Visitor: 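Have a look at this one before I ask anything.
Remember, predicted model here, so these are calculated numbers, not experimental data. Each ligand, and each atom within it, is numbered from 1 in the order the structure gives.
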Amino acid sequence: MAWDFETDPEYQKKLDWADEFVREEVEPLDYVFAHQHFVPLDDTRRKIIDPLKDEVRRQGLWATHLGPELGGQGYGQLKLALLNEILGRSLWASIVFGCQAPDTGNAEIIAHYGTPEQKQRYLQPLLDGEMFSSYSMTEPHAGADPTLFKTRAVKDGDEWVINGWKYFSSNAKTASFLIVMAVTNPDVSPYKGMSMFLVPTDSPGISIERNVGLWGEALNEGSHALIHYEDVRVPEDALLGGEGQAFVIAQTRLGGGRIHHAMRTIGMAQKAVDMMCERALSRETAGSILADKQFVQGYIADSYAQLIQFRLFVLYTAWEIDKYNDYKRVRKDIAVAKVVMPTVLHDIAWRAMQLHGALGTTNEMPFFGMIHGAAVMGLADGPTEVHKVTIARQLLRDYRPTDGMWPTEWIPGKIDAAKAKFAEYLEHEVGNL
Ligand SMILES: Cc1cc2nc3c(=O)[nH]c(=O)nc-3n(C[C@H](O)[C@H](O)[C@H](O)COP(=O)(O)OP(=O)(O)OC[C@H]3O[C@@H](n4cnc5c(N)ncnc54)[C@H](O)[C@@H]3O)c2cc1C
């Protein structure tokens with residue numbers, strides 16, 4: 001019976017190394033180079049960060065989400081989950097380990113659907129960590145429902161001409177290229193009429209109108225671009241995959257991206273639990289330390305219970321992806337992880353913030369960032385509500401309506417059926433009375 005919760009000792013050694021390496025060498029980067037993890041390296045940062053990346057490569061932990069043919073280790077999603085929960089503690093960590101979103105998802109679809117030329121031009125530098133990419137799908141008027149997208153790509157001779165607006169194209173301002181989803185055939189269903197294009201960011205006709213910031217960032221100095229594509233010309237071979245394949249490609253990309261966010265969220269929530277426990281043991285009020293108060297014990301117990309359920313479920317889902325190698329088959333469970341993730345992070349970060357009193361609400365502690373991160377997790381890669389719809393639809397597929405007037409579990413019906421099943425014995429019993 002194969003049902004095992006142990007990490008093999010060899011890999012556990014690597015995780016132990018990663019744990020210490022992230023704590024000692026990588027987390028400090030978050031404080032000296034905040035918000036610069038998606039900015040191409042200048043000389044100063046290169047001097048610090050290149051040797052760290054080299055160390056990760058030497059340990060065999062570079063780009064572990066990828067198979068060996070793409071420069072990764074082929075460890076699979078379960079091992080990646082165990083690593084990602086360590087990396088989730090730091091914003092710089094996934095860059096130093098070569099597995100940062102959105103580049104991982106973008107690399108995955110180029111690996112899957114790209115031509116050899118596209119792979120050489122875009123994939124290799126992405127895998128080497130020398131280039132950033134941006135995924136340009138959401139539009140200002142529509143996000144959760146991609147069938148409403150209007151950006152058009154029209155064939156003109158041997159070129160495609162792209163026109164439209166895209167919103168929340170993360171990291172576009174520092175990316176070398178964009179993956180743009182556009183309508184190529186408005187006369188068929190949107191599911192078959194949209195295509196993906198690989199578009200260099202410096203193509204004439206591309207203008208970033210705003211760099212939308214998240215809460216707390218300076219206005220127009222964020223990293224989520226509102227982009228105007230105006231008569232942007234790309235050659236025929238900029239098409240990624242076949243014409244009309246955008247939806248299929250998007251699903252391939254988002255499945256992996258969602259579960260990777262969930263893996264990193266475990267690390268962030270664990271950090272909040274650690275801070276909560278430290279505070280509970282350190283702060284004294286009303287005659288005892290916080291850890292002795294039952295409310296506080298409740299916060300700690302609830303937080304651990306939420307986190308451990310979430311963690312086990314994410315690890316299980318990662319295991320399923322490795323087992324079936326088919327995101328479609330695991331879609332329901334990926335959606336469950338996506339739906340649960342914001343609540344788990346929000347609740348735990350909120351309790352940890354509360355236990356830190358006024359200090360917890362300041363910009364000298366990370367709690368509000370985590371709570372805001374939880375809100376973002378409820379939207380990025382699709383809103384919670386839409387994922388709940390997916391879960392329900394997938395579940396309902398395994399059920400059928402009842403044949404008769406009453407539910408299958410209607411107790412009078414069950415009694416009649418049970419009596420009929422054992423009639424012979426029941427009559428005998430009655431006869432013996
Ligand atoms: C930090 C961040 C980074 C992002 N990065 C990228 C990126 O790199 N590239 C990219 O293309 N996009 C990106 N996005 C955009 C993201 O994919 C969209 O925000 C998401 O798909 C929702 O679209 P919307 O914001 O237009 O919301 P809408 O589609 O307007 O939905 C708004 C709300 O309506 C409700 N709702 C919507 N549909 C349903 C439904 N079917 N049933 C019930 N309720 C519903 C939900 O409450 C939802 O939150 C990013 C978003 C965030 C927050």
Visitor: Might you confirm whether atom NZ of K155 has over 12 heavy atoms from other residues, nucleotides or ligands at distances under 6.0 Å?
Guide: yes
Visitor: So which residues, sorted by chain and number, lie with a heavy atom under 4.0 Å of ligand 1?
Guide: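 Residues Y135, M137, T138, A142, G143, A144, F168, S170, H224, V376, L379, A380, D381, G382, P383, E385, V386 each place a heavy atom under 4.0 Å from ligand 1, listed by chain and number.
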Visitor: Can you tell whether the side chains of K150 and E139 come within less than 4.0 Å, N to carboxylate O?
Guide: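 Salt bridge flag = no for E139 with K150.
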Visitor: Regarding D8 and K79, does a basic nitrogen lie under 4.0 Å from an acidic carboxylate oxygen?
Guide: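 Yes.
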Visitor: Tell me which pairs pass ring-ring contact (aromatic ring centres under 6.0 Å, His included) where either residue lies in residues 151-189, with sequence neighbours left out.
Guide: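 Counting only pairs at least two positions apart or across chains, the ring-ring contact (aromatic ring centres under 6.0 Å, His included) contacts touching residues 151-189 are Y122-F177, W160-F197, W165-H228, F168-H224.
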Visitor: Between H37 (side chain only) and V96 (backbone N and O only), is there a donor and an acceptor less than 3.5 Å apart?
Guide: no
Visitor: Do any N or O atoms from the side chain of S207 and from the backbone of E209 form a donor-acceptor pair under 3.5 angstrom?
Guide: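 No, the answer is negative, given that no donor and acceptor are paired below the 3.5 Å cut-off.
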